[in-house]
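One structure below.
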There are 2 protein chains.
Amino acid sequence: MPPKPSVSKLVPKVPGVPGVTGTSRRQQYSASTKRALVDVAEELFTDLGYAAASLDSIVAGARVTKGALYHHFSGKQALFEAVFERVEADASRAIQKALRGRKDPWEKALAGLQAFLAVVQEPRYRRIVIQEGPSVLGYERFREQEERSTFANVLEIVRSVLSAGTWELEEDMLQTFARIFFGAMSSAGESVSSADDPIAAAERVETAIAFILQGFQALADDGVPLPGASGEPA
Amino acid sequence: MPPKPSVSKLVPKVPGVPGVTGTSRRQQYSASTKRALVDVAEELFTDLGYAAASLDSIVAGARVTKGALYHHFSGKQALFEAVFERVEADASRAIQKALRGRKDPWEKALAGLQAFLAVVQEPRYRRIVIQEGPSVLGYERFREQEERSTFANVLEIVRSVLSAGTWELEEDMLQTFARIFFGAMSSAGESVSSADDPIAAAERVETAIAFILQGFQALADDGVPLPGASGEPA
DNA sequence: CTGGGTACGTACTCACGGTATGTGAGGACC
DNA sequence: GGTCCTCACATACCGTGAGTACGTACCCAG
C-alpha cells in the first residue's frame, strides 16, 4: 500500500534573501534543510554525545525525516564529520582573528595561547573535537583534520617564535616542537576547563608556557643552539 | 517452552593451580571465564574499536554466552572499563619499572620519558586509552582514571625535577606543569607512533623535551624564580 | 504543459545491547 | 551420602536505532 502523503504541509521554512542570484529556490531550500540538520546534530552531539544522539531525534529536531538526512549525508558518521569540520573551522577562525595585527612573535604567541584556551572552554569543541573526535573519526582522519586547522595555527606561531631568535632549524624539529606545544596546550586547556577556578587556572597555564618560552630565550642568550639547528643563534 | 540445555558440554577450561588455598574450584572457574572475557574484549576493542566490537563476538571468542558476560559485568561499558583499567595499570607498571633504581631526577625524567614513549606505541594503549577512552568513559571518568595511574607517574617525575633545583613551588603550579608535560608527551608520542621513522621521531622528541628542561636549568642558573615559587633558587 | 530530476517522506529490515527466566553443577550441612 | 541452596552460567526474547528500498511531490527546462 503506497504511503498517504497527507496534505502538503510545506511551510516556507526559510525564505532566504530574495535578491540572491545564481541559486534557485530549490537549492536554497535544500541548503537550508542541510544547515538545519547540521545545527541540530551539533547541539545533540554536544549535549548527549555521538552514540546517545539518535538519528531519529536529530531529524525530529530539524523537522524532517531520515530520507532527507540520507539524501544529504551518507550516514551518521558523515553527518558528524560535517559538524566536526564546522566546529574546527570556527575554532581556527577565532584563533586567526586573535592573531591578526600582532607583529611581534612573542605577542602573537601569547594572543594565540589565550585564544586557544578560550576555544577549549567551549562545550561543543570539547565534546565534538576532543572527546568524540578521535573515537568517531578514527585517529587518522582526526589527525588529518586537525593538521589543517587548529594545529596549523600552532605550527605557524611556533615557527615565528623559534625563528625569531635568528634560529634556523630543520622542518622536522620544528614540527616536533609544534606537536609538543600543541599537546601541551590541549592538555592544559582541558585542565583549565575542568578546574574549579578556570580563570586562575588559565593564568597559571599562561605563566607556565611563558616560563618555558623564557627558558628558550635564556638559552638563546647563552648561545646554546637549538637542537637540529642549521644556523647559529645571534 | 523451557530451553533445552542439551548435553553438558563442560570442558575443564583451566584447571588452575591445585595447591592454591582459600579459593574453591567454583571461584577458580569463575575467575577464569572473567579473565577470558576481558582478554577477548581487549583484543577486539583494540582491533575493531568499541562500537564495532559486538558483545556477541566477544562472548563467542571467550566461548561463553551473554549470560556469563552480564553475570560478571553490568554491561558493555563496564567491560570496557575493566579492559581500560588493566591496560592503564600495565602502562603504569612499565613506567615505574623504568624509574626504579634511578636516583638523579634528570636521569629519572629521561628514563620515564622513554618508557612513556614506548607505552604510547602499543596499539592497545593508543586505541583503548587514548582513542576510545574519553568517548566511552566520558571525560570525567577518563581523567579520574589517568589521574591515579599514568599521570601520577608524570607528576612524580616533574615534582622531583622541578624541586631538584632547590625550588619550592606551589602545588597548583606543579600540577599545571605536570599537565603541560603530560599533554606534550602524549601528543609527541602519537606523532612518534604515526611517524615514518618512529625511532628518529622518538629521538627528536627526547631532544626537544631535553632542550625545554635545559631551558629550565638555564633560568635557574640565572636566578630566575619559577612562577608560583615560594622559595628562591640557589 | 510535460517530462525529468531533485529533494525529500514512508515503511521496512537487521544487527546489537540489554533482560527475564531457566538450569545444572558445586558445596555446606546434617 | 543424601538434601538443599546458591552461584555461575545458558537460552530465548525484546526494544531501539542505523541503514535501505521505494514511492512521491515539487521545481525548472524545453
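The shown structure was predicted, so the numbers you read here are calculated from the model rather than taken from an experiment. Throughout, protein chains are lettered first and strands after them, A, B, ... in sequence-line order, and every chain is numbered starting at 1.
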Notebook entry, point to check: Taking the six-membered ring of B:Phe151 as reference, does the NZ or CZ atom of B:Arg179 fall below 6.0 Å from its centre and within a 45° cone about the axis?
Noted result: yes
Note to self: What is the separation between atom CG on B:Asp56 and atom P on D:dA10, rounded to the nearest whole Å?
What the structure shows: 13 Å
Checklist line | Between P of C:dG17 and CG of B:Leu44, the distance in whole Å | finding: 11 Å
Check: Counting only heavy atoms not in A:Arg141, do more than 12 sit closer than 6.0 Å to its CZ atom?
Finding: no
Margin query: If I take atom OH in residue A:Tyr29 and atom P in nucleotide C:dG9, what distance separates them, rounded to the nearest angstrom?
Written below: 14 Å
Notebook entry, point to check: Closest to the A:Lys66 side chain: C:dA7, C:dG26, D:dT20?
Noted result: D:dT20
Check: Roughly, in whole Å, what's the span from CZ in B:Arg63 to P in D:dC9?
Finding: 13 Å
Item checked: Whole-Å gap separating P (C:dC16) and CG (B:Leu48) -> 11 Å
Note to self: Need to verify one output field. Residue with the more 5' nearest nucleotide on DNA chain C, A:Ala31 or B:Leu55?
What the structure shows: A:Ala31
Margin query: What's the angle between the local helix axes at either end of the helix from C:dC1-D:dG30 to C:dC30-D:dG1, using five pairs per end and rounding to 10 degrees?
Written below: 10°
Next item on the list: Just call it for B:Ala53: base, sugar-phosphate, or nothing, with non-hydrogen atoms closer than 4.0 Å on any strand.
Entry: sugar-phosphate
Next item on the list: Please check the phosphate of D:dC9 (OP1 and OP2 only) for any side-chain N or O of B:Thr33 closer than 4.0 Å.
Entry: yes
Notebook entry, point to check: Do the side-chain N and O atoms of B:Ser135 and A:Gln131 include a donor-acceptor pair separated by under 3.5 angstrom?
Noted result: no
Next item on the list: Tell me, yes or no, whether the heavy-atom count around B:Glu140 atom CD, taken from other residues, nucleotides or ligands under 6.0 Å, exceeds 12.
Entry: no
Item checked: Note, B:Val83 side chain near B:Arg124 side chain (heavy atom, < 4.5 Å) -> no
Next item on the list: Classify the nucleic acid contact of B:Thr65 as base, sugar-phosphate or nothing, counting any heavy atom under 4.0 Å across all strands shown.
Entry: base
Item checked: Sole candidate of A:Arg126, A:Lys76, A:Arg127 that passes salt bridge (charged side-chain N to carboxylate O under 4.0 Å, His left out) when paired with A:Glu132 -> A:Arg127
Item checked: Rounded distance in Å - CD (A:Gln27) to C1' (D:dC26) -> 14 Å
Notebook entry, point to check: Just wondering, are more than 12 heavy atoms of other shown residues or ligands nearer than 6.0 Å to CZ in B:Arg35?
Noted result: no
Checklist line | Any residue of residues 67-85 of chain A with a heavy atom less than 4.0 Å from an atom of DNA chain C | finding: A:Gly67, A:Ala68, A:His71, A:His72
Note to self: So, does B:Ser30 get its side chain near the phosphate of D:dC7, meaning an N or O under 4.0 Å from OP1 or OP2?
What the structure shows: no
Next item on the list: Figure out the CZ/C1' separation between A:Arg35 and C:dC8, and round it to whole Å.
Entry: 19 Å
Next item on the list: Mind calculating the distance between CG (A:Leu37) and C1' (C:dG9) to the nearest angstrom?
Entry: 13 Å
Item checked: Validation row: B:Leu37, B:Val64 side chains within 4.5 angstrom (heavy atoms) -> yes
Next item on the list: State, yes or no, whether a side-chain contact exists between A:Val38 and A:Phe73 at a heavy-atom distance under 4.5 Å.
Entry: yes
Margin query: At 4.0 Å (heavy atoms only), tell me whether A:Ala52 reaches a base, stays on the sugar-phosphate, or touches nothing.
Written below: nothing
Check: Between the main-chain N or O of A:Ala188 and the side-chain N or O of A:Ser191, is there a donor-acceptor pair closer than 3.5 Å?
Finding: yes
